[in-house]
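Everything on this sheet refers to the single structure shown next.
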Number of protein chains: 2
Amino acid sequence: MALRHAVLAALLDGEHSGYQLAKVFDTAVANFWHAVPQQLYAELTKLEEAGLIAGRLVIQHDRPNKRVYTVTEAGTAELERFASVASKPSFIRDDLLVKVQAVDHIDPAPVIAELEERAVQAAAKAGIFEQLLLFLRQDVDEDTFLREGRRIGPYLTCLRGVLFEHEHQDWCRNTAKLLRSRLDTTPHDHVPGQAH
Amino acid sequence: MALRHAVLAALLDGEHSGYQLAKVFDTAVANFWHAVPQQLYAELTKLEEAGLIAGRLVIQHDRPNKRVYTVTEAGTAELERFASVASKPSFIRDDLLVKVQAVDHIDPAPVIAELEERAVQAAAKAGIFEQLLLFLRQDVDEDTFLREGRRIGPYLTCLRGVLFEHEHQDWCRNTAKLLRSRLDTTPHDHVPGQAH
DNA sequence: CAGACCATGTAAAACGTTACATGATTCG
DNA sequence: CGAATCATGTAACGTTTTACATGGTCTG
């Protein structure tokens, strides 16, 4: 059980439909969890069956009807229980780093290109997170908000996201630059044309 | 196919048995991939069937015999092909961040404790990675090694690991400190005893 | 009326985790 | 001789990904 708690935590900020939740998982929750809509719909059904969330049909006239969910008391209790037992350290999984690991044995050109693309993407994601931070704290400055704000959980995780994306951007940019500078000077094992 | 390429990349540095590979996946590869021994043994069998690695039985007298593997030309070609197509951005998955996201609605005490524990673990991991960096570049200084070294892939990914762990440590420490400082001053929604 | 977005799923395949199982060899 | 480490798996179970499928409503 894992996605379960991510969904519960995401629902704490108010009613959401599966579709809305999918959007949230693409932005605010994207820092620490990834899930496709199909997973979310399935999980919402299971969570409602378990009584951890309550669903309610919303009739819309301008759009298709939707079903929105709220966390129940049992749901909060489940989050409480989840938080009280230590989880194993997070794990990372990045194809790009596999490529960098192998870079001395293969053609570095596509790896460099992907590193540069990732640096741009990371900057864009950092920008989105920074917008979200501004939105979350409204007009208040960060220190005051963190000291006195009522809902700082999402702010703190978003702050983590900004740090991560900045660092990722730096590393990608530096690594790409380094590999590029070695292109002319240092020969490598790779024999172009050997691959198919 | 994903673990497949991580295994190939890890085998580029020389012959390894499944057991040795499991150790490598617990240290050097741990930055960007996680796998338990059972997965590795299964993957090695599949990779050998596919002709991407070649196995060889090593008779040992002081220890049980083992089977060691090397990447074949077809294996390098497969890595080459893998590196030439862009992969989707990495994903993160961290239970602790789910807990922080929910922290305004639950008892923050266990979350703070886990953040502090994680900060210590991150520092330890950073230390291990830094040792590995020293080992990889031997007596050479970093700039020279990165400019002229023959095998910089593992160094670059390890560098990424160090940055990540330091940043993670900072964020965990700061977040724990902040939540701790709010314990007395700011009341929260959580009603102790409501959870079971 | 086509394309974009809203809204929700089913089904199969691939992948990952957990529990269990076995046996060799060394060190204290 | 018990514990630690080396060495390699099988089987069951749970989760995630991919492909497919459907239909409403609005905007240009």
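Only this structure's heavy atoms are used, side chains among them; waters, hydrogens and symmetry mates stay out. Every chain is numbered from 1, with letters handed out A, B, ... down the list of sequences.
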Tell me: [atom1] of [X] to [atom2] of [N], nearest whole Å?
X       : N      : atom1 : atom2 : value
A:Glu15 : C:dA7  : CD    : P     : 13 Å
B:Lys46 : C:dG16 : NZ    : C1'   : 11 Å
B:His34 : D:dT15 : NE2   : P     : 17 Å
A:Lys66 : C:dG9  : NZ    : P     : 14 Å
B:Leu40 : C:dT18 : CG    : P     : 15 Å
A:Asp26 : C:dC5  : CG    : P     : 13 Å
B:His5  : C:dA14 : NE2   : P     : 15 Å
B:Asn65 : D:dG9  : CG    : P     : 13 Å

When you check the phosphate oxygens OP1 and OP2 of [N], does a side-chain N or O of [X] lie under 4.0 Å from one of them?
X       : N      : answer
A:Tyr41 : C:dG9  : no
B:Arg93 : D:dT16 : yes
B:Lys88 : D:dT18 : yes
A:Arg4  : D:dT15 : no
B:Lys23 : D:dA7  : no
B:Gln39 : C:dT17 : yes
A:Gln60 : D:dG24 : no

Non-hydrogen side-chain atoms of B:Asp104 and A:Ile152 separated by less than 4.5 Å: yes

Close side-chain approach of B:Ile128 to B:Leu132, heavy-atom, < 4.5 Å: no

Look at atom CG of A:Asp139 and say whether more than 12 heavy atoms of other residues, nucleotides or ligands are closer to it than 6.0 Å. no

Can you tell me how the ring of A:Phe145 sits relative to the ring of A:Tyr155, calling it parallel under 30°, perpendicular over 60° and tilted otherwise? tilted

Checking contacts here: which listed nucleotide ([options]) is nearest the side-chain heavy atoms of [X]?
X       : options                : answer
B:Asp62 : C:dA24, C:dT26, C:dG16 : C:dT26
A:Val36 : C:dC6, C:dT18, D:dT17  : D:dT17
B:Arg67 : D:dT8, D:dT17, D:dT25  : D:dT8
A:Gln38 : D:dT18, C:dT25, C:dT8  : D:dT18

If you round to the nearest 0.5 Å, how far is CZ of A:Arg93 from CG of A:Leu97? 13.5 Å

Which part of the nucleic acid, if any, lies within reach of A:Ser17 when heavy atoms closer than 4.0 Å are counted: base, sugar-phosphate only, or nothing? sugar-phosphate

Between B:Phe91 and B:Gly18, the residue closer to the 5' end of DNA chain D by nearest nucleotide is B:Gly18

A:Glu117 and A:Gln121: side-chain donor and acceptor closer than 3.5 Å? yes

